[in-house]
Amino acid sequence: MKIVTWNINGVRARIGNLTHWLTESAPDIVCLQEIKTVDEQFPRAEIEALGYNVEIHGQKGFNGVALLSKLRFDEVIKGLPGDEADEQARFIEGVFSTDKGALRVASLYLPNGNPIDDEKKFPYKLSWMARLERWAQERLRLEEALVLAGDYNVIPEPVDARFPENWLGDALFQPQTRQAFRRLLNLGFTEAVRAVTDASDTYTFWDYQAGAWQKNNGIRIDHLLLSPEAANRFSSASIEKHVRAWEKPSDHVPVAIDLALLPA
DNA sequence: ATGCCTTCCGCGGGAAGA
């Protein structure tokens with residue numbers, strides 16, 4: 001079963017790219033981030049026509065996440081618990097039936113957090129990460145195959161940036177950010193890409209500006225975290241980098257994994 | 001580092017992104 005995360009940077013602006021990519025890549029489950037639309041304006045019909053079920057947690061103008069799945073949804077939960085006042089649409093989870101039992105997949109869009117001296121933005125990022133850790137701790141107790149995928153806005157290690165020195169003052173590479181990410185991992189997750197390669201040049205994002213793509217000035221910030229039950233079924237991961245060279249690309253590319261699971 | 005692009009909203013630049 002192929003599961004992919006992709007920050008699409010506007011699903012309405014990118015619907016042609018998305019349908020082309022779905023046909024080419026043939027994922028079973030897709031975690032989308034930054035759909036930048038309310039549910040009612042999501043281009044549902046074009047995606048359903050390709051055989052996908054669609055669940056959306058949208059928001060006007062920015063943020064917004066979605067799950068696309070060839071499997072039927074047994075359950076859908078929208079929003080990350082822990083702060084009733086948080087109105088930003090950054091989290092959706094779906095549960096599916098497989099030949100090996102339940103599979104839970106979450107699509108997350110972790111706050112950017114810049115600038116770090118803003119009185120709200122970086123604290124919001126860190127508190128969101130703390131909420132995510134609590135959520136993960138609870139979900140891991142279920143002992144399900146769990147894939148926690150999305151745009152984490154975290155550069156985990158220096159090797160995950162072409163020019164790490166450029167990111168020292170950035171929320172994506174702060175010691176507190178990296179520590180919170182390690183705390184999450186240390187609950188018992190396997191980070192899929194780093195489980196199969198320690199290579200540099202495994203980036204998932206290239207800025208639109210200053211010819212970042214042409215210069216390969218990239219960072220790795222889109223991650224898939226696997227519970228032990230998912231990691232035991234995990235065989236491969238790949239970054240679908242060629243999509244960044246398409247016309248009107250997102251600044252992120254799809255990151256895919258394969259799990260030895262079949263629809264029930 | 002900033003904002004060299006790009007999206008969104010909505011009609012004119014402003015917010016947001018990373």
Side-chain angles (χ1 to χ4, degrees), chain A residues 5-19 21 31-43 56-66 86-91 107-126 128-129 132 149-178 180-181 193 201-223 239 241 243-255:
Chain A
T5 182
W6 190 15
N7 179 323
I8 196 163
N9 188 20
V11 69
R12 287 181 293 161
R14 216 81 60 204
I15 184 59
N17 275 12
L18 178 57
T19 53
W21 171 77
C31 302
L32 293 179
Q33 301 88 36
E34 277 206 275
I35 60 172
K36 295 186 175 180
T37 179
V38 292
D39 298 14
E40 295 72 26
Q41 290 181 50
F42 191 95
I56 307 155
H57 185 34
Q59 181 177 348
K60 188 175 181 175
F62 59 111
N63 299 329
V65 288
D86 184 2
E87 292 180 345
Q88 299 195 29
R90 296 179 173 275
F91 194 84
S107 176
L108 71 89
Y109 177 44
L110 206 145
N112 173 300
N114 280 307
I116 56 173
D117 57 1
D118 185 279
E119 65 177 30
K120 290 186 179 156
K121 294 194 170 185
F122 192 52
Y124 176 58
K125 179 180 192 131
L126 294 178
W128 206 94
M129 295 185 85
L132 182 63
D151 176 358
Y152 280 75
N153 273 316
V154 175
I155 301 168
E157 300 291 339
V159 69
D160 297 311
R162 177 71 187 280
F163 299 109
E165 64 275 19
N166 288 357
W167 298 93
L168 291 174
D170 196 285
L172 280 63
F173 196 53
Q174 289 306 292
Q176 301 104 301
T177 304
R178 295 173 57 197
F181 186 71
V193 167
D201 191 17
T202 50
Y203 310 129
T204 66
F205 168 92
W206 295 261
D207 202 293
Y208 289 122
Q209 300 179 80
W213 167 248
Q214 289 75 12
K215 298 176 192 164
N216 194 27
N217 177 9
I219 52 177
R220 194 175 72 90
I221 56 175
D222 299 274
H223 309 298
I239 298 172
K241 185 178 175 177
V243 175
R244 186 64 177 78
W246 288 359
E247 287 293 310
K248 277 192 56 128
S250 170
D251 38 9
H252 298 248
V253 296
V255 185

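All figures in this text were calculated on a predicted structure; none of them were measured in a lab.
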Taking the [atom1] atom in each of [N] and [M], what is the distance between them to the nearest angstrom?
| N | M | atom1 | result |
| --- | --- | --- | --- |
| B:dT2 | B:dA16 | C1' | 14 Å |
| B:dC9 | B:dC4 | C1' | 24 Å |
| B:dG10 | B:dT6 | P | 23 Å |

Determine the contact category for [X]: base if any of its heavy atoms lies under 4.0 Å from a base atom, sugar-phosphate if only primed atoms, P, OP1 or OP2 are that close, otherwise nothing.
| X | result |
| --- | --- |
| A:Tyr109 | sugar-phosphate |
| A:Asn9 | sugar-phosphate |
| A:Ala13 | sugar-phosphate |
| A:Gln33 | nothing |
| A:Asp151 | sugar-phosphate |
| A:Asp222 | nothing |

Between the OG1 atom in A:Thr5 and the CG atom in A:Leu108, the distance rounded to the nearest 0.5 Å is 7.5 Å
Picking from [options], which would you name as closest to the side chain of [X]?
| X | options | answer |
| --- | --- | --- |
| A:Arg12 | B:dC9, B:dT7, B:dC4 | B:dC9 |
| A:Lys60 | B:dG10, B:dG17, B:dT7 | B:dG10 |
| A:Arg14 | B:dT6, B:dC8, B:dG17 | B:dT6 |

Could you tell me the separation between the [atom1] atom of [X] and the [atom2] atom of [N], rounded to a whole number of Å?
| X | N | atom1 | atom2 | value |
| --- | --- | --- | --- | --- |
| A:Trp167 | B:dT2 | CH2 | P | 12 Å |
| A:Glu34 | B:dT6 | CD | P | 15 Å |
| A:Asn217 | B:dA1 | CG | P | 12 Å |
| A:Arg162 | B:dA1 | CZ | C1' | 19 Å |
| A:Trp206 | B:dT6 | CH2 | C1' | 17 Å |
| A:Ile219 | B:dG17 | CD1 | P | 14 Å |
| A:Asp251 | B:dC8 | CG | P | 12 Å |
| A:Ile116 | B:dA1 | CD1 | C1' | 11 Å |

Which residue lies more 5' along DNA chain B, comparing A:Leu110 with A:Val11 via nearest heavy atoms:
A:Val11
When the nearest nucleotide of DNA chain B is assigned to A:Phe205 and to A:Glu165 on a heavy-atom basis, which residue is associated with the more 5' position?
A:Glu165
Has A:Arg90 got its NZ or CZ under 6.0 Å from the middle of the six-membered ring of A:Tyr109, at an angle within 45 degrees of the ring axis?
yes
Measure the shortest side-chain to side-chain distance between A:Cys31 and A:Trp6 over non-hydrogen atoms and say whether it is less than 4.5 angstrom.
no
If we only count heavy atoms from C-beta on, is the A:Arg244 to A:Trp206 side-chain gap below 4.5 Å?
yes
Tell me if a side-chain donor or acceptor on [X] pairs with a main-chain N or O of [Y] at a distance below 3.5 Å.
| X | Y | result |
| --- | --- | --- |
| A:Thr204 | A:His252 | no |
| A:Lys215 | A:Ala210 | yes |
| A:Asn153 | A:Leu110 | yes |

Will you find, in the side chains of A:Asn216 and A:Asp201, an N or O donor that is under 3.5 Å from an N or O acceptor?
yes
Would you tabulate the pairs of protein nitrogen or oxygen atoms and nucleotide nitrogen or oxygen atoms of nucleotides 14-16 of chain B closer than 3.5 angstrom?
none

